[in-house]
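Have a look at the structure below before the remarks.
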Amino acid sequence: MSMDKSFDAATAEARIAAEWDRTDAFKAGANASRDETFTVMIPPPNVTGSLHIGHALNNTLQDILVRWHRMRGFDTLWQPGQDHAGIATQMVVERQMAERQEPNRRDIGRDAFVEKIWAWKQESGDTIINQLKRLGASCDWSRNAFTMSGAPGAPAGEEGNFHDAVIRVFVDLYNKGIIYRGKRLVNWDPHFETAISDLEVENRETPGQMWHFKYPLAGGATYTYTETDEDGTVLFEEERDYIAIATTRPETMLGDGAVAVHPSDKRYAPIVGQLCEIPVGPKEHRRLIPIITDEYPDPDFGSGAVKITGAHDFNDYGVAVRNGIPLYALMDSKGAMRSDGQSYADSADIASRAAGGEDVGDVSTVNLVPDELRGLDRFEARKRVVDQITTDGLAVMTQPSDPRLGKAARPPEPEDGGEARMDDLVPLVEAKPIMQPFGDRSGVVIEPMLTDQWFVDTQKIVGPALDAVRDGRTQILPEQHKKVYFNWLENIEPWTISRQLWWGHQIPVWCDDDGNQYCAPTEAEAQAQAPGKTLTRDPDVLDTWFSSGLWPIGTLGWPEDTAELRKYFPTSTLITGFDIIFFWVARMMMMQLEVVGDVPFRTVYVHGLVRDEKGAKMSKSKGNVIDPLTLIDEYGADALRFTLTSMAAMGRDPKLGPKHVEANRNFVTKIWNATRFAEMNGARGGGARPEPSHTVNRWIIGEVARIRMATDEALDTYRFNDAATGLYAFVWGKVCDWYVEFAKPLFDGEHANETRATMGWVLDQCFTLLHPIMPFVTEELWALTGERPKMLVHGDWPTYGENLIDADADRQMNWVIGLIESIRSARAQMGVPAGAKLDLIVTEADEAARAALTANAPLVERLARTNTPQDGTAGRGTIAVAAPGASFALPIGDVIDAGAETQRLTKSAGKTEKDAEGLRKRLANPKFAENAEPEVIEETRDKLAALDDDLARIRAALKQLETL
RNA sequence: GGGCGGUUAGCUCAGCGGUAGAGCACUACGUUGACAUCGUAGUGGCCACUGGUUCGAUCCCAGUACCGCCCA
């Protein structure tokens, strides 16, 4: 049988994947030969998702651990599944409906819309699953889970009980008082018209503007505004009838409830407690608000005075709550200025009474948006407000050349007289970068909004999650991420879990007409709590992360007491990216500990973020996204997997370019061809480990043992890159570069049979050890090279070790390799034609050297291109080569350039001498002898002796050269 | 502002107490029983800077500079 010249990944991968599937190779417990379990929960990708490079890394690492354990006989489960991704999925389906010009979701109603989403899921929801299969992910696909399975309206095939788990936990936490409903300021997405959690907000710096406005003091009052330096020296002083405010959001001025200054700020001390006027709105109803003190304002920022709009800013909200300032809502769910509620006149009246200290109660119907602004978009309202204030002359003015104005600022033109006059002043609108919150899904500016939402009181359940990591019940790797975890959990905020969406687990709470809440798993049970009352269910759904927070137990069948739950929980290792430590890992810790009282996983391994070659984050807008499927098409899944693995150094972000993948595709080709060579020489796999007599064969078996130990050690400690690079160096650098070359002459002699057996066995070991990282090509080679009782996916992972290392063989082969390298180097440097065969004269050799040479002469002859070694002396026209315990001379003909040889040897001597000198100095230092470990001293002495020996040989050769 | 990283060959990265490694790129040679998706031999590094600990520091500690990321 003859093999193709290279591995055809495209056709083989599909065939092999189908075979794994057909034989149920990935089923939970497949190939188990011991009791220990190994469980991995996949971080569920969004049902709308498609495979990106981050998934490729994440799932490759999981697959490596899973395949490794499965081959070692653990009872292994890799649990796959998907997340229902509330906003994302609703968005996809709504967009599709719009494209098809179908009625929108409000037209068709909630039930019909949810039905449509299910239909979409049935049709398109398994995209990423199929892509993961192409990567080679060995999940138990028969168990594929979904965070919405079993929800009302779920079609056939979706009848899992994840929904039961979610509802059960909600009811339980509600009854314990951990879940509550409340009016609070939340992040509101005006595009999707829903609350989102703070983690779903992306704060980005964007070019912005900061306006400076004057809030006139009530009744025309004035004060002396004084700025002083640290010593109290007056720098600036003027009479003012206003207080200056800086804001990036002028439209929210309409809802101001106060102006705040820092208690230590002397500039404004004279007017604290007075009222000032909001410089916008109908003149006949200008509102007055109090000037208060609070720790929040930063005296060094802007004017030091801050307007307080409690219903539209998180910081202001805090100030307002502390100081009893009313929270006036200005916008509707779409981010437009409100047009509901009371008239402006009535509203302004109520607000004025509140400013005067009167308790006005609930202000939710108070609408302080003037008539002409009602219904306008918030950004349009901003323009109008700015125009109005500027027209009224209440903007702070400045010179046109003021650098704070940014690029637009121009110095006065020469024709204007070179000097700005008072009437040339322009409004002070600072051009500056500001941090703005954007919805991570919608991309629109998030609006803080005062709404009724459901919250998890995370303070109440965070303790055990902190303890579990502190006492090591769950280990987080690399360690630095522990700090991130602690930092977040120690400062945890209530978690907003309600979403104003239709796709998701609807909140199991019903209200009667009086507003009493009834929480129960079903409507019937709620009704039983409220006999005779008419109940209405809360329309909101739960945050998707609330359900994915139950992933470990939910996928195993909880709340039922299933066999899987008992066997596979707590899970072994979670592999995930640092970007979801908060979203997911911390919440799973809290929820599992609260619900079932145990940690969800023993170890969390956090990998980096795959970046492009230059280290930049991949993003669509930058156009530097690398599609893993394209790489798989071009180079094969194994090459991609191997590349990602070799770059997965703990705590570092892999930087990936196609060049790297190409290099590892070449590695696939390399091992393919080494196998092809073995095949051509009748070296087949499938046999027992041979016990050969030849040094070469004994040596390579020892090297196999070393790499097996190193690979296990690396995987045990999650050093994936060490496992990959170690195997690469072994397979390419030891097996292909040396062992295969050594074997060539052996195939002609008395050791041919044992060499065939050894080579077959060595390659089997390579396939086995590489299989977790490169499953496809190894499975293919496994099938091609022997009669196998099982596929390699169920192959037995080896356990041999030190006992296979033959120290003598090791020493001899290292000596031979060194000699060959020295000869090759000398030849190349002296310009000997590569094809020329030289005589090899042994001028000196001790016993060990002679033994090594005698046993391996054919190898040296072949690889160094020499004739059989002969004893003799170095004559004219030879180059000298030194090896430990031996000296050689190679005649290269009459044309030898003595000068060149002298130069070569002198250079070599110089380098050796320099190295030796360093070691000698170290050994001569009495403190070294006193303090260094004995082994280190011994090692240093040996090294020095070897160098001195080399040096002596090189010098002897130089001397010889002179005398000739 | 708070926290966490990084700075090693031209490029991308390993190493992390005994004077440096890989892949890619580059130079020269080469179709020698599998592999040109290859082989052989080379070139290339004051391991950011300044102090300290140590017999010994790229590695540990402190500070400086620059570059990232996360959270306000």
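Note: hydrogens, waters and symmetry copies are ignored here, and every other heavy atom, side chains too, is used. The chains referred to below are lettered A, B, ... by the order of the sequence lines, with proteins before strands, and numbering in each begins at 1.
- Each of A/Ser646 and A/Ala929 was matched to the nucleotide of RNA chain B holding its nearest heavy atom; the match closer to the 5' end belongs to A/Ser646.
- Going from atom CZ of A/Arg719 over to atom C1' of B/rA14 covers 10 Å, rounded to whole Å.
- Put simply, CH2 on A/Trp488 is 17 Å from C1' on B/rC4, counting in whole angstrom units.
- The C1' atoms of B/rC70 and B/rU12 are separated by 24 Å, rounded to the nearest whole Å.
- Across all strands, A/Glu741 comes closer than 4.0 Å to base atoms (heavy-atom distances).
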Could you pull out all donor-acceptor pairs under 3.5 Å where a side-chain atom in residues 923-935 of chain A meets a protein atom, sequence neighbours excluded?
residue  : atom : partner  : partner atom : Å
A/Asn925 : OD1  : A/Lys927 : N            : 2.9
A/Asn931 : ND2  : A/Lys927 : O            : 2.8

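- Side-chain atoms of A/Lys5 and base atoms of B/rA36 include no donor and acceptor less than 3.5 Å apart.
- A/Lys670 has a side-chain polar atom (N or O) that falls below the 4.0 Å cut-off from OP1 or OP2 of B/rG39.
- Judged as a salt bridge (Lys or Arg N to Asp or Glu O under 4.0 Å), and not counting sequence neighbours, the contacts of A/Lys911 are A/Asp915.
- A/Thr755 and A/Asn697 share a side-chain donor-acceptor pair at under 3.5 Å.
- The distance between atom NZ of A/Lys927 and atom P of B/rU53, rounded to the nearest whole Å, is 12 Å.
- At a cut-off of 3.5 angstrom, counting only N and O atoms as typed in the model, there is no donor on one side facing an acceptor on the other between the side-chain of A/Arg865 and the base of B/rU32.
- Here the side chains of A/His607 and A/Phe578 are not in contact, with every heavy-atom distance at 4.5 Å or above.
- Remark: A/Arg249 pairs with A/Thr247, A/Glu251, A/Thr252, A/Met331, A/Arg382, A/Glu447, A/Pro448 by the side chain to side chain contact (heavy atoms under 4.5 Å, CB included) rule, at least two apart or across chains.
- Taking the C1' atoms as reference points, B/rG63 lies 26 Å from B/rA20, given to the whole Å.
- Whole-Å rounding puts the A/Phe677 CZ to B/rU32 P distance at 14 Å.
- Taking every side-chain heavy atom of A/Arg676 into account, B/rA34 is the closest of B/rA14, B/rU37, B/rA34.
- The aromatic ring centroids of A/Tyr605 and A/Phe720 lie less than 6.0 Å from each other.
- OP1 and OP2 of B/rU37 both lie 4.0 Å or more from every side-chain N or O belonging to A/Trp732.
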What does the 5'-to-3' dot-bracket notation of RNA chain B look like when only Watson-Crick and G-U wobble pairs under 3.5 Å count, and pairs to other strands show as |?
(((((((..((((....[..)))).(((((.......))))).....(((((..]....)))))))))))).
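- In this structure, the NE2 atom of A/His481 is 9 Å from the C1' atom of B/rG5, given to the nearest Å.
- When the C1' atom is used for both B/rG5 and B/rG10, the distance is 25 Å, rounded to whole Å.
- Across all strands, A/Pro437 comes closer than 4.0 Å to no nucleic acid atom at all (heavy-atom distances).
- Counting heavy atoms from C-beta on, the side chains of A/Val462 and A/Met590 come closer than 4.5 Å.
- Toward the 5′ end of RNA chain B lies the nearest nucleotide of A/Glu662, the other residue of the pair A/Asp737 and A/Glu662 mapping further downstream.
- Partners of A/His751 under the ring pair (Phe, Tyr, Trp, His ring centres under 6.0 Å) rule, at least two apart in sequence or in another chain, are A/His694.
- Distance noted for atom C1' between B/rA36 and B/rG44: 25 Å (whole Å).
- Rounded to a whole angstrom, the distance from the P atom of B/rC47 to that of B/rG21 is 14 Å.
- B/rC67 and B/rC55 have their C1' atoms separated by 36 Å, with the value rounded to a whole Å.
- Distance noted for atom C1' between B/rG15 and B/rG45: 14 Å (whole Å).
- Every residue two or more places apart in sequence or in another chain that forms a side chain to side chain contact (heavy atoms under 4.5 Å, CB included) with A/Lys482 is listed here: A/Val469, A/Ile476, A/Glu479, A/Phe486.
- Listed pair A/Lys482 / B/rC4 fails the phosphate criterion, with no side-chain N or O lying under 4.0 Å from OP1 or OP2.
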What's touching nucleotides 41-43 of chain B from the protein side, N or O pairs under 3.5 Å?
residue : atom : partner  : partner atom : Å
B/rA41  : O3'  : A/Ser825 : OG           : 3.4
B/rG42  : OP1  : A/Ser825 : OG           : 2.6

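- Residues passing the side chain to side chain contact (heavy atoms under 4.5 Å, CB included) test with A/Asp942 are A/Glu938, sequence neighbours excluded.
- Annotation: side chain of A/Phe747 is not in contact with side chain of A/Asn753 (no heavy-atom distance under 4.5 Å).
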Enumerate all atom pairs, one protein N or O and one N or O from nucleotides 18-28 of chain B, separated by less than 3.5 Å.
residue : atom : partner  : partner atom : Å
B/rG18  : O2'  : A/Arg922 : NH1          : 3.2

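- If you measure from atom CD1 of A/Ile626 to atom C1' of B/rU12, you get 12 Å, rounded to the nearest angstrom.
- For the pair A/Met647 CE and B/rA14 P, the computed distance is 10 Å after rounding to whole Å.
- Remark: P of B/rG56 and CG of A/Leu944 are 20 Å apart, rounded to the nearest angstrom.
- Residues in residues 721-741 of chain A take part in these salt bridge (charged side-chain N to carboxylate O under 4.0 Å, His left out) pairs, two or more places apart or across chains: A/Glu703-A/Lys734, A/Arg719-A/Asp722, A/Glu741-A/Lys744.
- For B/rA72 and B/rC11, the P atoms lie 36 Å apart once the distance is rounded to whole Å.
- Considering only residues two or more places apart in sequence or on other chains, A/Phe767 meets the ring pair (Phe, Tyr, Trp, His ring centres under 6.0 Å) condition with none of them.
- Under the side chain to side chain contact (heavy atoms under 4.5 Å, CB included) criterion, A/Ala12 pairs with A/Phe7, A/Arg15, A/Ile16, A/Glu780, not counting sequence neighbours.
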